[in-house]
Amino acid sequence: AGPIGRALLAYPAAFMLHVQAFPDQLQFLNGAGLPSFVEQLVGANADMGRSAVAVMTMYNTQQSTVGLAYAMNTFFPAEAYANWGYAGYLFSILWVGALLGLLHTTILRKQKTQLNLFIYIIVLRFQVQVMLGGFIDYLFSVNLIFSIATIIFIGLLSKQQLAKRKGDT
């Protein structure tokens, strides 16, 4: 179907299947998909895994069991709804909007250096990865944590180098 068919047909259809499945046919996940230590803290339904996998297993059991179908991916608010209902749905929209708005305004207000452009590329890459990956990725993402740690480390190194150059002159 290609990327356009996927965006216009597959993701909205999967979104509606998420709304139909939770909580009538499947119980809310309550944070399933988070790392196991966080799942234990919040009391997540760890048996279910991510909502896209649970919905695929429910609606396409035969293909899922054989291994031909794995997940029914959709937009991030659907996973938030599958985890926490309407409250999760509304919170996900506010959280992601605030997070992306803060990231973009912070980056765009900074001076355009090689490091800041690198940071902007990492943020854009993160957005593309998690936009259709699910809401859990906006709450806890190893890639984002590693990227931020790398950025901080590079920033500290560049400040040290700058201070060293100023001290030498």
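Worth knowing before you read on, the calculation uses all heavy atoms, side chains too, and leaves out hydrogens, waters and symmetry mates.
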In one Ile/Leu/Val/Met/Phe/Trp/Tyr side-chain cluster, 4.5 Å: L41, F28 = no
Roughly how far, to the nearest 0.5 Å, is NE2 of H18 from CE of M58?
-> 10.5 Å
Should the heavy atoms of other residues, nucleotides or ligands under 6.0 Å from NZ of K112 be counted, would the total exceed 12?
-> yes
Closest heavy-atom pair, A7 versus P12, reported as atoms and distance to 0.1 Å, is O-CD, 3.3 Å
CZ (F135) and CG (L139) are apart, to the nearest 0.5 Å, by 4.0 Å
From CD (Q25) to CG (L17), nearest 0.5 Å | 9.5 Å
List the atom of V55, the atom of A21, and the distance in Å for their closest heavy-atom pair.
-> CG2-CB, 4.4 Å
Residues S92 and F76: closest non-hydrogen pair is O-CE1, 3.6 Å
By side chain to side chain contact (heavy atoms under 4.5 Å, CB included), which residues pair with L117, not counting sequence neighbours?
-> none
Could you pull out all residues at least two apart from T113 that satisfy side chain to side chain contact (heavy atoms under 4.5 Å, CB included)?
-> Q111, L115, N116
Residue pairs passing the side-chain hydrogen bond (donor to acceptor under 3.5 Å, both in side chains) test where at least one lies in residues 76-87, sequence neighbours excluded = R50-E79
Those residues that, when tested against A69, pass side chain to side chain contact (heavy atoms under 4.5 Å, CB included) (two or more places apart) | M56, N60, Q63
Take atom OH of Y70 as the centre, draw a 6.0 Å sphere, and report whether it contains more than 12 heavy atoms from other residues, nucleotides or ligands.
-> no
Around F118, counting heavy atoms of other residues, nucleotides and ligands shown, do more than 12 lie under 6.0 Å from its CZ?
-> no
CD-OG1 distance between Q62 and T57, expressed to the nearest 0.5 angstrom | 13.5 Å
Any link between L34 and F37 through a network of hydrophobic side chains (Ile, Leu, Val, Met, Phe, Trp, Tyr) touching at under 4.5 Å?
-> yes
Contacts satisfying salt bridge (charged side-chain N to carboxylate O under 4.0 Å, His left out) that involve residues 55-71 (not counting sequence neighbours) are none
Contacts of I93 that satisfy side chain to side chain contact (heavy atoms under 4.5 Å, CB included) - sequence neighbours left out = P77, Y89
Give me the ring orientation class for Y11 and F75: parallel if the planes are under 30° apart, tilted from 30 to 60°, perpendicular past 60°.
-> tilted
Hey, quick one: are L68 and M72 part of the same hydrophobic cluster, counting side-chain heavy atoms closer than 4.5 Å, chains of contacts allowed?
-> no
